[in-house]
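Predicted model, so just to flag it, every value in this text is computed and none were measured. So that the names make sense, note that chain A is the first sequence line, chain B the second, and so on, each numbered from 1.
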Amino acid sequence: MIGGSIAGLAAVILGLAGWLAHDYLYDASFMQVPAGSSGYEIDTCRTGGALYFGYFFTPTRAVHLTGVQLVGVPDGFTVEGIYAVNRLKSKKIAVGAATQQDWDRMGYSGVHLYSVSDVSLPAGGMGEWWLVAKIVPSEPGKQTIEGIRVSYNSGWRSGSTVYDEQVTTDCTT
Amino acid sequence: MVAASSAAACGAVVCASGADASASAISGIVRSPQGQAVAGAQVELNAFALDKAGVHEISIESTTSSSSGRYVLPAPSASQTASLAKVDGGTINYEVDVTSVSDGVVQSATTTVPGSAAFGAAASARLAAGLSASGGIDLTLTTLHEAGGRIAHASISPRDCTDNSPSWNTVSTGSYQVIMGEPHDYIGMSVQYAYEQDASTTIGIALSGNGGSTWGENGSASTTTTSGVGFSTPWSPDHYAPYVYGTFIYDRQQEDFRCTGPSDTYRVVPDYWTGGVNVSGNLTAYDGGNSPVWQHDQALGGAGEAFISAGVTWHKSGGSGATYGAGANFAGVSLSANTSYSTSVTYTWQMDNDTSIPHVLFGANGVYPATGGGATIVYSN
């Protein structure tokens with residue numbers, strides 16, 4: 001009976017320690033999120049035509065990206081992919097917001113698209129990387145993607161951060 | 001304004017007779033009811049001020065009578081009289097109040113002195129005001145009575161100066177144009193500032209320790225618009241970098257110590273924002289290839305640039321404020337202004353529909369969008 005109580009107490013202690021350790025290990029906040037919000041709005045688009053939106057991150061510690069996903073995506077969007085672009089190797093400036101026509105016209109269709117997991121960012125800056133999301137609106141009218149979540153490792157710690165950078169499209173058919 | 005123990009006191013008899021006076025002071029002798037000189041009496045020169053709070057009496061100078069009963073009150077400076085109420089074609093009515101305590105009994109005297117009859121006025125003007133043709137203003141104390149006729153006894157002990165904490169009294173107001181923002185756009189886009197109702201701005205405080213002869217910046221104060229409505233600047237033309245000015249009401253305040261009274265230290269602090277705004281100037285001559293932000297960006301290999309398609313709008317709200325070193329100019333001192341746009345000011349850049357030119361934004365600090373302190377000044381190229 002006493003042994004059972006000790007085992008139960010140990011389980012509680014281990015559970016509490018695990019819960020605290022989980023927060024410490026997996027909720028590291030190493031991304032420097034700008035205060036407030038920002039966003040792009042485009043109405044010179046048509047449904048079915050791809051759009052490209054760029055994202056830039058400035059961590060407070062050196063991090064390695066492990067994953068990224070858009071958040072608050074309406075059904076009227078198809079996210080074809082989120083990729084990494086090396087600014088130095090591509091010899092091109094980053095894209096903020098571009099139509100498929102401009103993506104091709106400005107020569108971005110020729111740049112190598114890396115996996116997000118290839119990206120390592122230095123402390124305090126975007127380094128030589130930026131991310132781009134390729135999105136295809138399938139419905140006309142105004143609709144908004146609320147932001148982007150980025151997950152990362154920094155040494156043996158992990159974390160994820162949501163950026164409130166909106167994308168609003170108001171496309172015609 | 002007599003600092004006695006009863007506001008309903010009566011019986012103050014004014015006896016104004018000859019002593020001496022000059023163009024720079026009011027002076028005279030304080031005497032007891034028996035005609036003896038009274039030392040240590042508190043003497044104040046008061047007048048009525050007219051400002052946004054209405055008409056109210058303010059203390060201009062104060063002093064203590066000497067061992068011979070003599071008092072001297074300096075003439076107010078031009079800045080001190082600027083806010084004072086004028087009557088009869090510009091005359092300021094001054095009041096000299098004196099209070100003393102003798103054997104626990106409060107004694108007082110008061111007289112009204114038109115400005116036209118004080119400070120070296122002609123004999124005719126003094127006589128017209130009921131003063132002697134020359135000399136100063138002597139005051140004879142009488143016993144102060146409370147309502148009901150009882151003699152007013154001093155419930156106050158000698159002045160306690162252990163608490164000499166300062167406060168600030170507003171003596172005048174004025175309006176100033178303050179630079180609140182500096183949006184930049186270069187080629188192929190337009191920019192707009194939109195301020196919400198509660199947008200706030202922190203502006204520097206001007207301080208003078210010598211009665212207003214010289215000023216410097218000392219500290220800052222925050223103020224918000226009270227207009228009840230937000231406003232937006234007009235969409236800027238192409239290739240434009242104007243200053244956005246807001247009109248603020250400033251208060252000129254004098255330091256007043258609880259015990260020792262007013263000092264020669266003045267300050268000018270922002271009071272409220274009128275809500276008005278105007279946009280003027282064009283700073284683009286400083287932009288382009290000569291822009292330090294652009295050069296910094298280029299030194300980093302274009303790390304802060306971003307291509308934007310024609311017809312796209314980008315907005316940013318929230319974040320750190322923009323500080324302008326010459327936000328306001330007072331008495332030759334450039335006071336800083338910091339427009340905090342945390343949740344209340346939005347900057348929007350609208351790319352035009354010309355697809356023949358690349359629209360490029362680049363931000364401060366070599367990072368786009370700017371994430372560090374200072375202004376999120378975004379240029380286009």
Side-chain angles (χ1 to χ4, degrees), chain A residues 31-45 49-60 85-108 121-122 124-130 132 163-171, chain B residues 188-189 196 199 294 296-298 300-322 340-374 376 378 380-381:
Chain A
M31 285 298 193
Q32 187 176 343
V33 181
S37 63
S38 62
Y40 290 103
E41 185 164 343
I42 181 170
D43 59 7
T44 57
C45 51
L51 300 172
Y52 296 82
F53 295 96
Y55 297 90
F56 321 87
F57 307 110
T58 53
T60 55
V85 178
N86 188 293
R87 179 176 52 82
L88 298 181
K89 291 179 179 175
S90 68
K91 300 188 185 330
K92 289 187 173 299
I93 65 171
V95 163
T99 61
Q100 180 70 59
Q101 291 87 342
D102 280 339
W103 182 265
D104 296 336
R105 184 170 63 91
M106 300 300 291
Y108 287 98
L121 304 179
M126 58 189 280
E128 57 192 68
W129 295 97
W130 52 279
V132 61
Y163 286 73
D164 295 327
E165 296 182 8
Q166 296 182 339
V167 169
T168 299
T169 64
D170 190 3
C171 304
Chain B
M189 64 183 67
E196 302 296 334
W294 190 88
H296 180 66
D297 175 80
Q298 293 303 294
L300 295 175
E305 297 182 36
F307 170 84
I308 314 287
S309 278
V312 173
T313 295
W314 181 71
H315 75 268
K316 179 171 178 59
S317 60
S320 53
S340 169
Y341 53 93
S342 54
T343 73
S344 56
V345 182
T346 298
Y347 302 75
T348 304
W349 278 262
Q350 169 73 56
M351 314 300 140
D352 68 18
N353 290 319
D354 187 351
T355 57
S356 67
I357 58 172
H359 300 83
V360 178
L361 292 176
F362 60 100
N365 305 321
V367 177
Y368 168 80
T371 56
T376 301
V378 177
S380 62
N381 197 0

Which answer fits A:F53, side chain, backbone, both or neither, if we ask what part of it has an atom under 4.5 Å from a heavy atom of chain B? neither

Identify, with sequence neighbours excluded, every residue that meets side-chain contact (heavy atoms from CB on, under 4.5 Å) alongside A:T99. A:I42, A:L51, A:Q101, A:D102, B:S309

Contacts of type side-chain contact (heavy atoms from CB on, under 4.5 Å), residue A:N86, not counting sequence neighbours: A:L88, A:K89, A:Y114, A:E128, A:W129

Grab the two heavy atoms, one from A:V95 and one from B:A306, that are nearest each other, plus how far apart they are. C-CB, 4.5 Å

Euclidean distance, [Y] [atom2] relative to [X] [atom1], rounded to 0.5 Å:
X      : Y      : atom1 : atom2 : result
B:F307 : A:Y52  : CZ    : OH    : 12.5 Å
B:W314 : A:E165 : CH2   : CD    : 8.5 Å
B:H315 : A:Q166 : NE2   : CD    : 5.5 Å

Quick check on the interface: out of B:T348, B:N353, B:T355, who has the most heavy-atom pairs with chain A under 4.5 Å? B:T355

